Amino acid sequence: MNGTRAPVCSVCIANFNGEDLLRDCIDSVLAQQRFDPGIEIIVHDDASTDGSLALLREHYPRVEVIASRENAGFCVANNRMAERARGEWLLLLNNDAALFPDALATLHEWSARQSPQGIISLPQYDWHTGELVDRGCRLDPFYNPVPNLDPKRSEVAMAIGACLWIPRRLWLELGGFPPWFESIAEDMYLCCCARLRGYPVQIPDTSGYRHRQGGSFGGNRVAGGRLATTFRRRRLSERNKTFVMVACTPGWLLAPLLPIHLALLAIEGALLSLLRRDARVWRGIYAGILSALFKRRRELGEARRRNLAARKSTAGGYLRQFTPMPRKLAMLLRHGLPGIR
């Protein structure tokens with residue numbers, strides 16, 4: 001691992017204050033079976049204030065560490081690791097995730113069967129309960145992820161960024177994660193860009209990884225029958241899913257979809273604020289979406305032109321992994337109003 005010979009796979013782990021998470025994550029990579037090609041592990045520490053760096057120096061001296069002096073965010077962290085990586089494939093792995101022992105072998109073998117070689121993830125299992133969370137996700141019309149639970153469906157709209165395998169060549173072609181996303185939905189953006197260009201996004205029906213959902217960022221869990229999230233996560237989620245919609249929706253479809261989406265977000269924000277009797281819901285999550293679109297209009301315009309110019313997929317092919325049922329409506333009926341802290 002991390003020797004002079006170029007590795008086949010570069011495992012990239014973005015870390016911020018993950019001292020209590022890193023051991024499980026890194027040890028799961030070191031314990032891989034049936035995977036003979038070389039591996040390198042790169043950890044980007046995002047100016048942690050806990051003992052993460054000391055842990056890495058003391059227990060994992062062969063792990064390459066990029067120690068950032070400032071908190072740069074998840075997207076920048078992964079871009080830096082991908083730039084440093086030497087492997088033919090990249091595996092982006094959250095610090096709150098741990099691979100099954102045959103994960104790398106499964107990913108490597110599956111990618112060898114792809115033509116062209118695209119993005120792959122694995123079935124995701126809840127850390128605490130062991131229950132299947134998803135086999136990647138489809139998307140609803142407003143770019144909300146809809147968990148795929150069907151073992152026969154290997155083609156999906158997006159792979160979860162907690163465990164995302166991609167050829168380094170394709171990462172470079174797509175340009176990596178937009179740094180102005182900060183975090184959340186960057187995996188959706190990358191997968192949508194890949195599918196527009198005709199690259200598959202797939203999930204094998206074997207192996208997997210365990211994930212402490214929300215362990216590194218907060219929220220993103222169903223607790224006590226209710227969906228639990230945070231103001232920051234929800235704000236970034238709503239904003240960045242809108243960014244993906246603008247940057248990736250094929251052709252004329254964006255013209256009717258975006259106004260409907262923005263109107264529904266405004267109604268949702270107003271109703272949640274009233275029902276919760278908390279104006280912070282509107283101010284902290286929904287109020288800034290229009291201004292964010294205006295602020296990033298140049299970057300979004302460039303991304304859209306680049307994506308549509310390189311597009312090989314038909315509109316029908318791109319939309320094949322979308323499902324008509326709005327995800328938020330289904331979650332509301334099942335879990336009620338989300339808890340936000």
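Keep in mind that this is a model prediction, so the values were computed, not measured. Throughout, numbering of the chain's residues begins at 1 and tracks the sequence.
- Counting non-hydrogen atoms of other residues, nucleotides and ligands closer than 6.0 Å to NZ of Lys295 gives a total of 12 or fewer.
- Checking Asn15 against Asp45 by side-chain atom types alone, a donor-acceptor pair falls below 3.5 Å.
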Audit row: Glu155, Arg320, salt bridge (charged side-chain N to carboxylate O under 4.0 Å, His left out) steps and yes/no
CA-CA 10 Å; Glu155 293 279 347; Arg320 191 171 297 123; over 6 Å; no

What do the steps show when you test Leu164 against Ser121 for side-chain contact (heavy atoms from CB on, under 4.5 Å), and what is the final call?
CA-CA 5 Å; Leu164 190 149; Ser121 185; 5.5 Å; no

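- Of the possible donor and acceptor atoms, none in the side chain of Arg311 sits under 3.5 Å from a partner among the backbone N and O of Leu308.
- Taking CZ of Arg84 as the start and CD1 of Ile66 as the end, the distance is 4.0 Å to the nearest 0.5 Å.
- Here the closest heavy-atom approach between residue Cys9 and residue Leu104 is recorded as SG-CD2, 4.2 Å.
- Taking 4.5 Å as the limit, every side-chain heavy atom of Asp187 sits out of range of all side-chain heavy atoms of Phe74.
- Taking both residues in full, the closest heavy atoms of Lys328 and Asn144 are given as CE-OD1, 3.6 Å, listed atom of the first, atom of the second, then distance.
- Judged purely by atom type and a 3.5 angstrom limit, Asn148 has no side-chain atom pairing as donor or acceptor with the backbone of Arg138.
- At a threshold of 4.5 Å between non-hydrogen side-chain atoms, the residues Leu30 and Ile39 do not count as touching.
- Crowding of Glu70 atom CD: a count of heavy atoms from other residues, nucleotides or ligands under 6.0 Å exceeding 12.
- Contacts classified as ring pair (Phe, Tyr, Trp, His ring centres under 6.0 Å) and involving residues 144-176 (residues at least two apart or in different chains) are given here: Trp89-Trp165, Trp171-Phe177.
- Asp140 contributes a side-chain N or O that, together with a main-chain N or O of Arg327, makes up a donor-acceptor pair within less than 3.5 Å.
- For the pair Ser52 and Glu19, the tightest heavy-atom approach, listed with the atom from each and the gap, is OG-N, 3.2 Å.
- Distance alone, capped at 3.5 Å, places no donor-acceptor pair between the Asn95 side chain and the Leu21 backbone.
- The CG atom of Leu22 sits 8.0 Å away from the OG atom of Ser48 when rounded to the nearest 0.5 Å.
- When only modelled atom types and interatomic distance are considered, Ser28 and Arg210 share no side-chain donor-acceptor pair under 3.5 Å.
- Taken from CD1 in Ile166 to CG in Leu91, the straight-line distance is 11.0 Å, to the nearest 0.5 Å.
- With Gln33 contributing its side chain and Pro101 its backbone, the two residues share no donor-acceptor pair below 3.5 Å.
- Residues Val146 and Met325 form no side-chain contact, since every pair of their non-hydrogen atoms from C-beta on lies 4.5 Å or further apart.
- A salt bridge between Glu238 and Arg235 is absent, with no side-chain N of the basic residue lying under 4.0 Å from a carboxylate O of the acidic one.
- Side-chain contact between Phe142 and Thr242 is absent, with no heavy-atom pair separated by less than 4.5 Å.
- Using a cutoff of 4.0 Å between basic side-chain nitrogens and carboxylate oxygens, Arg168 and Glu40 are not scored as salt-bridged.
- The local environment of CZ in Arg113 is crowded, with over 12 non-hydrogen atoms from other residues, nucleotides or ligands closer than 6.0 Å.
- Annotation: side chain of Pro145 is in contact with side chain of Lys241 (closest heavy-atom distance under 4.5 Å).
- Applying the ring pair (Phe, Tyr, Trp, His ring centres under 6.0 Å) rule to pairs touching residues 262-286 yields nothing, sequence neighbours excluded.
- In plain terms, the two heavy atoms of Ala47 and Asn71 that are nearest each other are CB-N, 3.9 Å.
- The distance from atom CG of Asn78 to atom CD of Glu186, rounded to the nearest 0.5 Å, is 7.5 Å.
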Under 3.5 Å, which donor-acceptor pairs link side chains of residues 244-253 to any protein atom two or more places apart or in another chain?
unit_1	atom_1	unit_2	atom_2	d
Thr249	OG1	Tyr143	OH	2.9
Thr249	OG1	Met245	O	2.6

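- Grouping Ile, Leu, Val, Met, Phe, Trp and Tyr residues whose side-chain heavy atoms lie under 4.5 Å apart, directly or via other members, leaves Leu274 alone, with no other cluster members.
- From Phe294, atom CZ reaches atom CG of Leu300 across 12.5 Å, with rounding to the nearest 0.5 Å.
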Verdict with supporting geometry, Arg135 and Asp150, side-chain contact (heavy atoms from CB on, under 4.5 Å)
CA-CA 7 Å; Arg135 301 176 184 273; Asp150 184 355; over 6 Å; no

For the pair Gln32 and Leu99, evaluate side-chain contact (heavy atoms from CB on, under 4.5 Å) and give the outcome as yes or no after the intermediate values.
CA-CA 8 Å; Gln32 288 300 293; Leu99 301 173; 3.6 Å; yes

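- Annotation: the span from Asp134 atom CG to Ile203 atom CD1 amounts to 7.5 Å, rounded to 0.5 Å.
- Screening Asp24, Asp96, Asp126 against Arg212 for a side chain to side chain donor-acceptor pair (under 3.5 Å) leaves a single residue, Asp24.
- When side chains are defined from C-beta on, Trp110 counts as touching Ser154, because their heavy atoms get closer than 4.5 Å.
- A ring pair (Phe, Tyr, Trp, His ring centres under 6.0 Å) check over residues 30-57, counting only residues at least two apart or in different chains, returns the pairs Phe35-His108.
- At least one side-chain heavy atom of Cys137 sits under 4.5 Å from a side-chain heavy atom of Ile160.
- Side-chain atoms of Arg34 and Thr106, non-hydrogen and from C-beta on, do get closer than 4.5 Å to each other.
- Screening residues 172-182 for salt bridge (charged side-chain N to carboxylate O under 4.0 Å, His left out) gives Arg169-Glu173, Glu173-Arg197, Glu182-Arg239 as the qualifying pairs, with residues at least two apart or on separate chains.
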